[in-house]
Amino acid sequence: MSRTLWTDEQGVVRTIDQTVLPFERREIALRSPDDCDRAIREMQVRGAPLIGAVGAYGLALALRADPSDASLEHACERLAAARPTAVNLRWALGRVRRRVAAAPSARRAALAWDEAGRICDEDVACNERIGTHGARLLRDLAARRSGRAGALQLLTHCNAGRIATVDYGTALAPIYRLHAEGFPVHVWVDETRPRNQGAALTAWELAERGVAHTVIADNAGGLLMMQGRVDAVIVGCDRVAANGDVANKVGTYLKALAARDNGVPFYVACPVSTIDPDTPDGASIPIEERAAREVTHLSGILDDGSRATVRVVPAGSAVANPAFDITPARLVTALVTERGVCDASAGGLRAVLEADAR
Ligand code: MRU
């Protein structure tokens, strides 16, 4: 595929500004920790693995400017606070910090830069393996389908594709794999209000790769499942607690409930770095509360191609905007990681965490 985050010979980090997709493909340069922090906070980059990778480069850039202990601590703290729910950001910062902590000041920036590069390379490799394991799972599911021919019907929420990671994606990796093998697959894409990551980003990605898909309003998935038009739900995630509870984009939980009620398997794809053994359960996962404006306003383009943002909520109404929700482990059929498929349970997670990285 092609990477969403890369560096040039001048030591500049480059990525795609996701706030202007799908109507414009604009590359941005991240030259300082401030640039990385802003890109994460303003969601120019988003998706758990990608914000982890950008955070790692942010720390490397901070150490390039000032390699002192104080700078290391300050940059870690600031970048970690940029988005609280996805554990990959904290995980990546911790990895870079451990790499440089004992090194002399003069070596720190180079070590951090290399470590950030390794995090990116590993993300690509992990996601490719998630694709392999997930595709096998979905092919088996398709083989067991009774009474329905035609493309495998999958439903996904938010964007857990190539641009939420360095490449391949998590939930979309198995779909890309199946598509590349010529296996017929069709994706129901939840629009994913309030920021419309499904309508804007997942649809854009799938169209770019020629994967058959249909965008639906967030509330349509339950009916489609009831009508037998969804073979499986597959989503990404931002954090898996030690008991198997999963945090993902708000609205995921409702899809999991509908899936359970209709006997539809509900799969969660993520790299092992998204599993957080230090968080005991879903209730302990911090849920990011975002600006009311994301709910009160919608952005897009007019028929003449110009951009527009319009208010869709009365000015006097109170608004709440929790960005993530928790899907209890009991509603998750299985997790798909780079180390294989496991139960969303303390035992299943332990086994995957202790397994050799293959
Ligand atoms: O707020 P976002 O767009 O960063 O939320 C992203 C999601 O919830 C994704 O599904 C998740 O990070 C998995 S990304 C591979």
Side-chain angles (χ1 to χ4, degrees), residues 1 4-5 15-19 21 39-55 82-92 120 123-124 126-131 134 155-176 187 189-205 218 233-240 246-256 266-276 282 285-291 294-295 321-327 332 335-338:
M1 298 255 242
T4 59
L5 185 70
T15 187
I16 299 164
D17 180 354
Q18 299 192 25
T19 61
L21 286 173
I40 296 170
R41 283 177 199 272
E42 294 180 3
M43 292 178 67
Q44 289 178 301
V45 293
R46 29 113 353 248
L50 187 62
I51 62 178
V54 171
R83 304 242 10 229
T85 302
V87 76
N88 305 60
L89 179 55
R90 240 183 41 201
W91 169 85
C120 290
D123 184 57
V124 177
C126 284
N127 297 335
E128 209 178 348
R129 286 200 292 271
I130 288 172
L155 183 144
T156 194
H157 191 69
C158 195
N159 172 262
R162 187 171 81 78
I163 53 169
T165 64
V166 182
D167 206 351
Y168 293 103
T170 55
L172 296 195
I175 294 171
Y176 287 134
V187 188
V189 178
D190 283 353
E191 62 176 343
T192 319
R193 275 284 279 153
R195 288 191 71 107
N196 288 330
Q197 288 96 328
L201 304 175
T202 302
W204 174 78
E205 271 197 36
D218 285 328
V233 178
I234 185 161
V235 296
C237 78
D238 292 83
R239 192 184 304 216
V240 184
V246 163
N248 192 47
K249 182 54 54 194
V250 70
T252 302
Y253 171 50
L254 293 176
K255 294 298 133 64
F266 183 90
Y267 298 119
V268 175
C270 66
V272 166
S273 55
T274 304
I275 301 170
D276 180 10
I285 298 177
I287 301 293
E288 179 180 9
E289 182 75 28
R290 293 191 58 88
E294 293 182 348
V295 176
N321 186 14
F324 298 92
D325 65 21
I326 305 297
T327 299
V332 177
L335 292 172
V336 185
T337 77
E338 70 274 25

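Remember, it's 1-based here, ligands and their atoms both numbered in the order they're listed. Since the structure is predicted, the reported quantities are computational estimates derived from the model, not experimental observations.
- Among protein heavy atoms, atom 8 (O) of ligand 1 sits closest to Asp238 OD1, 2.8 Å.
- When hydrogens are left out, the protein atom nearest atom 14 (S) of ligand 1 is Ala164 CB, 3.6 Å; that is the closest non-hydrogen contact.
- Closest to atom 10 (O) of ligand 1 among all protein heavy atoms lies Asn248 OD1, 2.8 Å.
- Close approach to Arg83 involves these atoms of ligand 1, each under 4.0 Å from a residue heavy atom: 1 (O), 2 (P), 4 (O).
- Between Arg83 and Phe324 the shortest side-chain heavy-atom distance falls below 4.5 Å.
- Taking a 4.0 Å cut-off on heavy atoms, Ala323 fails to register as neighbouring ligand 1.
- Panel note: side chain His157, backbone Val250; a donor-acceptor pair is recorded below 3.5 Å.
- The protein heavy atom nearest to atom 5 (O) of ligand 1 is Lys249 CE, 3.3 Å.
- In this structure, Glu288 has no heavy atom closer than 4.0 Å to ligand 1.
- Among the candidates Asp238, Thr165, Thr274, the single residue satisfying the side-chain hydrogen bond (donor to acceptor under 3.5 Å, both in side chains) test with Asn88 is Thr274.
- The proximity of Asn159 to ligand 1, defined as any non-hydrogen pair under 4.0 Å, is limited to the backbone.
- Counting heavy atoms closer than 4.0 Å to ligand 1, residue Met43 contributes side-chain atoms (C-beta onward) but none from N, CA, C or O.
- A salt bridge is defined here as a Lys NZ or Arg NE, NH1 or NH2 lying under 4.0 Å from an Asp or Glu carboxylate O, and Glu191 with Arg193 fails to meet this definition.
- Between Val268 and Asn248 the shortest side-chain heavy-atom distance does not fall below 4.5 Å.
- Looking at Thr192 and Asp190, their side chains never bring a donor and an acceptor atom within 3.5 Å of each other.
- Checking side-chain atoms of Gln18 against main-chain N and O of Leu201 turns up no donor-acceptor pair under 3.5 Å.
- Which parts of ligand 1 touch Pro49 is read off a 4.0 Å heavy-atom cut-off, strictly below it: atoms 14 (S), 15 (C).
- The protein heavy atom nearest to atom 3 (O) of ligand 1 is Arg46 NE, 2.7 Å.
- For Leu50, the closest heavy-atom approach to ligand 1 does not fall below 4.0 Å.
- Of the listed residues (Gln197, Lys249, Arg46), just one forms a side-chain hydrogen bond (donor to acceptor under 3.5 Å, both in side chains) with Asn159, and that residue is Arg46.
- For Ala48, a nitrogen or oxygen atom sits less than 3.5 Å from a nitrogen or oxygen atom of ligand 1, counting backbone and side chain alike.
- Nearest-residue assignment for atom 13 (C) of ligand 1 (options Cys237, Cys270, Gly47, Ala269; heavy-atom criterion): Cys237.
- The Gln197 neighbourhood of ligand 1 comprises atoms 1 (O), 2 (P), 3 (O), with distances under 4.0 Å to a heavy atom of that residue.
- The shell of residues lying under 4.0 angstrom from ligand 1, judged by heavy atoms, excludes Arg195.
- When heavy-atom distances to ligand 1 are checked against a 4.0 Å cut-off, Ala160 comes that close through both its backbone and its side chain.
- The closest donor-acceptor contact from the side chain of Asp123 to the backbone of Val166 lies under 3.5 Å.
- The shortest heavy-atom contact between Ile326 and Gly282 is CD1-O, 3.5 Å.
- For a threshold of 3.5 Å applied to N or O pairs, the pair formed by Thr170 and ligand 1 contains no separation below that value.
- A distance-only check finds a donor-acceptor pair linking the side chain of Lys255 to the backbone of Asp218 [under 3.5 Å].
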